[in-house]
Amino acid sequence: MNDTIRNVPAAEQPTADSSQTDISGFVGRRREISEVMRILPKTRLLTLTGAGGVGKTRLARRVGEIAMRKYRDGVLLVELATIDDEDLLAPAAAAALGIRDTGSDLLTLLAERLADKRMLLVLDNCEHLLDACARLVCGLLRGTSRLRILATSRQALGVYGEQVLCVPSLPVPEPGATTRDIARRDAVRLFAERAASIRPGFLVDAANARAVARLARRLDGIPLAIELAAVHLRTASVEELVNELDERLEVRAEAGPGRLARHQTLRATMDWSFGLCSPGERRLWERLSMFPGGVDLETAEAVCPGPGLAREDVLDLLAGLVDKSILSGAEQHGGGMRYRMLETIRAYGRDRLPATDVETLRERYIDHYRRLAERLRVDRMVPDQIDRSRTLKQELPNVRVALDLCFDRPGDAPAGLEIASALWAYWIIAGALSEGRHWLKRGLALVPGPSVPRVMGLWAGGLLALYQGDPVAGAALRECSALARQLSDEAALAFAIQMSGVAALSEGDAEGGLALSEDALTRHRARGDLHAVGVTLYFAALYAAPLRPDRAAAYGEELVRMCEERDAALFRAYALYALGMAFWQQGDWRQAEAKMREVAAFWSTVDDRWGLLQCLEALAWTSEARGRHERAARLLGAAHDLWRAVAASPARLQFQAKSHQECVERARHALGPRAYTAAFRDGTRLGPSRAAAYALEEP
């Protein structure tokens, strides 16, 4: 199965007859898929329940793939297994929907964004966030009319109007069934498919059919248990597998009276798989359970070694766990491989992980992710900025674990604050402002005394608050400045002054804000911190444009040169945008348009929707300057749709407000109210990808 379900715009959806349900290539679940597809049009919320390992996630994802053609605005998956904090639930949903988190009431924002969407939202693995998921679902269903939600959970969400479908185990053969009937049962078909991948040519025939049927019955038809059992065909026959399993289940049944429950069956199967691992593989399985986001070889070698597990053995042990299907396969990641576990298998390993091992690994885990956050800083003028951002996105579930470990103990809190602060640029680019502030607030509460980590935590928290328009930003930045002076930390003071300038600009003090920004720039130059100089040049160029466009252009050109010398593509895009704004303020709309088109092409490829929005807005102005009034109105509509997604407007950004209003008035006057409104509405329907193509005048 794919890791995600793609959100398919209406224009890209298949044109096949949507009345036909394609379930080819999917072992079992034909009845369940048909039942889900029958129920979904009749309910707003359908929850798939069932025991762990029964295949709820796989079923939901398969339904999502099939249902794409039925929902005009697509199908979207929100994976919740790697989120342990209910405060991060709404931000995760916003990120999946491409909504930039601006700190507003995210539930309201989500409902507004989805109000007119005909979409299927898949919420996977809700059981550990049951109450929070119920609140999210209630809010979304109240605020929308066409949205459908498909959830997976070990228990129902308990929301009014919820339909519940219990996902059963796969059908198993009845005792005494014929070979033909045995081979046709879904549990047997799944076993045969997996067995054939272990032993090419494996078939269910008269010689092994009864043993396979007994195995399927003993495993209660649980898909994960069947797949784990099939792996053991490398070293045993089907008959030997059944005998071994019989012994294990009988021992477990004796330990607890009554009929063996399905979760006991799965536990026994995993105990069996665990027992067949080498001592080193067992320890690695347990320790890898600390990584909800998967792990690469470098990280496994850095964190997992300890008593009973040598660093030089990690690679072979990883291969062994892949071979036994404990690791769900290895996917290519950059120059290496990334290894993942199914959530049920990871939970089993986490249950077995001794507390002493957690203590042994704790310091190493925190240290690894503190160094990773520093090494992958996106605010550095380096060639691999985009790759850094993508890697951080992949590592984010593990970073969350590191932050939780830090904030569980006051002594480790400064390290957590350093990690959260180092990721400030990532939080912005990823649109995860609320999550960034969540971690920074936790850290600042635990690090109250004067220290560099607190200074930078205040700086990063103040910056994110500014982006969200939160008035607490001013207090945070004032404390940051005072503390930096108290500590005589010139670097921290320069950063504090820089953000104080941005705060002043956002509050309407353009002259004072520009002066503070230029003061910070002088201080960063004196220290020789080129990365900080780059960040400050961007802010100085952007906010100087309405006041001193020539100076803004000089700052922008300097930043472009710095980025090109260092091949910093992400920084260069921001530099070109600031330079384009300076050209616009100088009255050179041709140069402004050229820069904005170049930046829009880049930002659309890296899915930076905030950046794309800024370009759509500016390209509407240049289109109006060209006399292309209908195009200007359509681009304003496309930008408006994205402004709604971030719960903001051009009026909040002083360097845009005047130009935006003039563009609207001129286009409406030239076209007339009715034609303007029609073109504007056309633009709101484009969506990000088609809006980018329209802005670039591509087919």
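As a basis for the values below, the full set of heavy atoms in this structure was taken, side chains included, without hydrogen atoms, waters or symmetry mates.
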For this session: Considering non-hydrogen atoms only, spot the tightest contact between A230 and R194 and give its length.
Result: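 Heavy-atom minimum between the residues: CB-CB, 3.7 Å.
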Exercise. Looking only at heavy atoms, what is the nearest atom pair of T82 and P292, with distance?
Worked result: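 So the minimum-distance heavy-atom pair works out to CG2-O, 3.5 Å.
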Exercise. Which residues pass the side chain to side chain donor-acceptor pair (under 3.5 Å) test with N398, sequence neighbours left out?
Worked result: Y369, E395
Under 3.5 Å side-chain donor-acceptor pair for [X] and [Y]:
{"X": "W285", "Y": "E281", "result": "no"}
{"X": "T57", "Y": "D124", "result": "yes"}
{"X": "D296", "Y": "T299", "result": "yes"}

Exercise. A195: what forms a side-chain contact (heavy atoms from CB on, under 4.5 Å) with it, not counting sequence neighbours?
Worked result: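 For A195, the residues satisfying side-chain contact (heavy atoms from CB on, under 4.5 Å) (neighbours in sequence not counted) are F191, F202, L233.
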For this session: Describe, in one word, how the ring planes of W272 and H232 are oriented to each other, choosing from parallel (under 30°), tilted (30 to 60°) and perpendicular (over 60°).
Result: tilted
Kindly indicate whether the side chain of [X], heavy atoms from C-beta on, has any atom under 4.5 Å from the side chain of [Y].
{"X": "P175", "Y": "R217", "answer": "yes"}
{"X": "Y348", "Y": "R267", "answer": "yes"}
{"X": "S434", "Y": "H438", "answer": "no"}
{"X": "L396", "Y": "E435", "answer": "yes"}
{"X": "E79", "Y": "N125", "answer": "yes"}
{"X": "L170", "Y": "R29", "answer": "yes"}
{"X": "T49", "Y": "V167", "answer": "no"}
{"X": "L288", "Y": "Y339", "answer": "no"}

Under 4.0 Å between a Lys/Arg side-chain N and an Asp/Glu carboxylate O for [X] and [Y]?
{"X": "R185", "Y": "D181", "result": "no"}
{"X": "E35", "Y": "R38", "result": "yes"}
{"X": "R400", "Y": "D404", "result": "no"}
{"X": "E32", "Y": "R62", "result": "no"}

Problem set entry | CZ (R184) with more than 12 external heavy atoms under 6.0 Å | no
Problem set entry | Test: R148 cationic atom under 6.0 Å from Y71 six-membered ring centre, within 45° of axis | no
